[in-house]
Amino acid sequence: MSKLHLVLGGRVSDPQTLDFCELDKMDLVGIYPDYATAEDVWRGCAQRTVDDAEMKYVVVHLHKLLEPTLETDETES
């Protein structure tokens with residue numbers, strides 16, 4: 001299985017949390033095949049909104065949500 005990563009962002013109620021508000025206005029940037037690519041895209045999005053403390057972009061490890069035991073099985077071998 002590919003290790004898919006999702007980059008998304010939006011307005012948060014508190015910059016120190018991931019409590020996104022206005023969910024209908026979330027920026028779903030895209031899905032990427034590896035963390036390095038997703039991180040590059042995330043960095044670009046974060047840099048564009050650096051002056052807006054209430055905007056936050058994150059990388060979500062989709063592969064961990066789709067198959068949560070995959071990481072455990074790999075490290076136990």
Side-chain angles (χ1 to χ4, degrees):
M1 178 180 168
S2 299
K3 292 193 173 181
L4 300 173
H5 297 81
L6 167 67
V7 177
L8 60 90
R11 197 154 298 286
V12 291
S13 58
D14 178 351
Q16 295 183 350
T17 70
L18 291 174
D19 186 16
F20 289 98
C21 47
E22 300 180 339
L23 297 178
D24 57 328
K25 296 181 182 175
M26 294 282 296
D27 182 10
L28 301 176
V29 180
I31 298 174
Y32 302 92
D34 55 63
Y35 182 79
T37 305
E39 184 181 32
D40 286 343
V41 172
W42 164 82
R43 192 173 309 283
C45 293
Q47 285 295 323
R48 280 192 299 278
T49 60
V50 72
D51 293 329
D52 186 349
E54 293 178 343
M55 281 297 287
K56 182 176 272 192
Y57 282 86
V58 296
V59 176
V60 178
H61 300 266
L62 289 180
H63 60 279
K64 290 182 181 182
L65 296 174
L66 296 171
E67 291 194 37
T69 60
L70 183 65
E71 296 294 318
T72 305
D73 292 344
E74 287 178 359
T75 57
E76 290 178 355
S77 303

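Numbering starts at 1 and runs along the sequence shown. As the structure is a computational prediction, the values presented were derived from the model and not from experiment.
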Contact list for residues 28-37, test salt bridge (charged side-chain N to carboxylate O under 4.0 Å, His left out), sequence neighbours left out: none
same_hphob_cluster(Ile31, Val41) at 4.5 Å side-chain heavy-atom cutoff: no
Val50 reachable from Val29 in the ILVMFWY side-chain graph, under 4.5 Å edges: no
Pairs touching residues 14-26 that satisfy side chain to side chain donor-acceptor pair (under 3.5 Å), sequence neighbours left out: Ser13-Asp19
Gap between atom CE of Met55 and atom SG of Cys45 - 0.5 Å precision: 8.5 Å
Within-4.5 Å side-chain heavy-atom neighbours: Leu6 and Leu4: no
Partner residues of Leu28 under the side-chain contact (heavy atoms from CB on, under 4.5 Å) criterion, sequence neighbours left out: Leu8
ILVMFWY cluster, Val59 and Met26 together (side-chain gap under 4.5 Å): no
Lys56 (side chain) donor-acceptor with Leu18 (main chain) under 3.5 angstrom: no
Residue pairs passing the side chain to side chain donor-acceptor pair (under 3.5 Å) test where at least one lies in residues 40-51, sequence neighbours excluded: Glu39-Arg43
Partners meeting side-chain hydrogen bond (donor to acceptor under 3.5 Å, both in side chains) with Tyr57 (sequence neighbours left out): Asp27
Qualifying residues under ring-ring contact (aromatic ring centres under 6.0 Å, His included), relative to Tyr35, sequence neighbours excluded: His5, His61
Common cluster, Phe20/Val7, ILVMFWY with side-chain heavy-atom separation under 4.5 Å: no
